[in-house]
Chemist: 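Input: one structure, supplied below.
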Amino acid sequence: MNAHKRRQIFERLRALDPAPTTELEFRTPFELLVAVILSAQATDVGVNRATRRLFAVANTPEAILELGLEGLKAHIRTIGLFNSKAANIIRTCEILVRDHRGEVPRDRAALEGLPGVGRKTANVVLNTAFGEATIAVDTHIFRVANRTRLAPGKTPLEVERKLMRFTPAAFRRDAHHWLILHGRYTCRARRPLCEQCVIHDLCEYRDKTAPGPLPAVAGTD
DNA sequence: AACTCGGGGCA
DNA sequence: TGCCCAGAGTT
């Protein structure tokens, strides 16, 4: 597909939300890091409820270490996988204090070395806290990429590399947010709103003439 | 590649 | 009830 066509696609997605940002609530890079660790296989609404409780009490590595494992769990119990997430956050706080002066490193390798932080979380932090042009492939983006001809791939990393190549440079920083919003509200896992889709001309999945819902496409889980 | 963690939202 | 949710770590 030529550059002009690819640019048009992102112009259409951008029109839906010209100044996109994450739905996760945060004030500092550290708050974002914790919120994204908590968001694995959880809804952002649930994560925001938990982080509001937590950050009101502790929003630095030092403060969370003072809270302790059980104190931390008390605030995030309503989120799935909270046992492993709490343990990972404590260990991450220890490493931040010991090796990074209590601050979130702006470095992919350092981020991915933190417990609970994989490639997706590192990409969100690099993008949204530090303004770098990364694409964090989550369940929504993976679904959009595979339902369309944008960037079909078997693994999130393959999809990420294809999306980086597909996306014109001027759109690379915010492409992540637009694709996620499109996956959340239009190209939903169940009952996608194909009639309002701005990139349905790229859809390999839908029979455009047949009414009715799309069959579900699994995410990364 | 497959498995496990996991409470909550939603149809 | 079953599926899905801004995944990561282990085997």
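Throughout, protein chains are lettered first and strands after them, A, B, ... in sequence-line order, and every chain is numbered starting at 1. Because the structure is predicted, anything quoted here is derived from the model rather than measured.
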Chemist: Can you check whether A:His177 stacks with the C:dA6 base, using ring centres under 5.5 Å and planes within 30°?
Modeler: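 Whether judged by distance or by angle, A:His177 falls short somewhere, so it does not stack on the base of C:dA6.
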Chemist: Given C:dG7, C:dC3, C:dC5, which nucleotide is nearest the side-chain atoms of A:Arg143?
Modeler: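 Given the options C:dG7, C:dC3, C:dC5, the side chain of A:Arg143 is closest to C:dC5.
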Chemist: Whole angstrom is fine here: how far is it from CG in A:Asn88 over to P in C:dG9?
Modeler: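 A:Asn88 atom CG is separated from C:dG9 atom P by 6 Å.
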Chemist: Within this structure, what is the CZ-to-P distance between A:Arg108 and C:dA8, rounded to whole angstrom?
Modeler: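 Value for this atom pair: 11 Å.
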Chemist: Expressed as a whole number of angstroms, how long is the span from A:Ile79:CD1 to C:dC4:C1'?
Modeler: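 Roughly 16 Å, once rounded to whole Å.
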Chemist: Name the residue from A:Glu11, A:Lys5, A:His4, A:Arg6 that meets the side chain to side chain donor-acceptor pair (under 3.5 Å) definition with A:Gln8.
Modeler: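 It is A:His4; the other options fail the test.
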Chemist: Has A:Arg172 got more than 12 heavy atoms of other residues, nucleotides or ligands less than 6.0 Å from its CZ?
Modeler: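 Yes, CZ of A:Arg172 has more than 12 neighbouring heavy atoms, counting only those of other groups under 6.0 Å.
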Chemist: When you measure from the side chain of A:Arg190, which nucleotide among B:dG6, C:dC3, C:dA6 comes out closest?
Modeler: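 Nearest nucleotide to the side chain: C:dC3.
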Chemist: Just checking A:Thr22: base, sugar-phosphate only, or nothing, at a heavy-atom cut-off of under 4.0 Å?
Modeler: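 It contacts base atoms.
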Chemist: In whole Å, what separates the C1' atom of B:dG6 from that of C:dG2?
Modeler: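 The answer is 15 Å between these two C1' atoms.
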Chemist: Which part of the nucleic acid does A:Gly46 contact within heavy-atom distance under 4.0 Å: base, sugar-phosphate only, or nothing?
Modeler: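 No contact.
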Chemist: Over all strands shown, is A:Thr43 touching base, sugar-phosphate only, or nothing at heavy-atom distances under 4.0 angstrom?
Modeler: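 Contact class for A:Thr43: base.
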Chemist: In this structure, how many angstroms lie between the P atom of B:dC10 and the CZ atom of A:Arg188, rounded?
Modeler: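 Distance, rounded to whole Å: 12 Å.
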Chemist: Taking NZ from A:Lys85 and P from C:dC5, how many angstroms apart are they, rounded to a whole number?
Modeler: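 Distance, rounded to whole Å: 14 Å.
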Chemist: Whole-Å distance between C:dA6 C1' and A:Asp174 CG?
Modeler: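 For the pair A:Asp174 CG and C:dA6 C1', the rounded distance is 16 Å.
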Chemist: I'd like the P distance from B:dC3 over to C:dC3, given in whole Å.
Modeler: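 Here C:dC3 and B:dC3 have their P atoms 16 Å from each other.
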Chemist: Could you state the atom-to-atom distance from CG of A:Leu32 to C1' of C:dA6 in whole Å?
Modeler: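 Checked: the CG to C1' distance equals 11 Å.
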Chemist: Among C:dA6, C:dC5, B:dC5, which nucleotide has an atom closest to any side-chain atom of A:Leu81?
Modeler: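 Ranking C:dA6, C:dC5, B:dC5 by closest atom to the A:Leu81 side chain puts B:dC5 first.
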Chemist: Does A:Arg12 pair with A:Asp201 as a salt bridge, N-O distance under 4.0 Å?
Modeler: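 Yes, charged N to carboxylate O under 4.0 Å.
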Chemist: Pick the nucleotide of DNA chain C nearest each of A:Val36 and A:Arg91; which residue has the one closer to the 5' end?
Modeler: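 Residue closer to the 5' terminus by nearest nucleotide: A:Val36.
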Chemist: Go through the steps for A:Leu114 and A:Thr121 under the test side chain to side chain contact (heavy atoms under 4.5 Å, CB included), then give the verdict.
Modeler: CA-CA 10 Å; A:Leu114 300 170; A:Thr121 298; over 6 Å; no
Chemist: Within the 4.0 Å heavy-atom criterion, would you say A:Ile76 contacts the bases, only the backbone, or no part of the nucleic acid?
Modeler: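 Here A:Ile76 touches no strand at all.
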Chemist: Just to be sure I understand the rule, does A:Leu24 reach a base, reach only the sugar-phosphate, or reach nothing, if contact means heavy atoms closer than 4.0 Å?
Modeler: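 The answer is base, as A:Leu24 lies within the cut-off (heavy atoms under 4.0 Å) of a base atom.
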Chemist: So, does A:Ser84 get its side chain near the phosphate of B:dG6, meaning an N or O under 4.0 Å from OP1 or OP2?
Modeler: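 Yes.
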Chemist: Under a 4.0 Å N-O cut-off, is there an ion pair linking A:Arg173 with A:Glu132?
Modeler: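 No, A:Arg173 and A:Glu132 are not salt-bridged.
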Chemist: Should A:Thr139 be listed as having a side-chain N or O under 4.0 Å from OP1 or OP2 of C:dC5?
Modeler: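 Result: yes.
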Chemist: Can A:Arg108 and A:Glu112 be counted as an ion pair, charged N to O under 4.0 angstrom?
Modeler: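 Result for this pair is yes, salt bridge flagged.
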Chemist: Determine the interatomic distance between P on C:dA6 and the same-named atom on B:dC10; round to the nearest Å.
Modeler: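 C:dA6 and B:dC10 have their P atoms separated by 11 Å.
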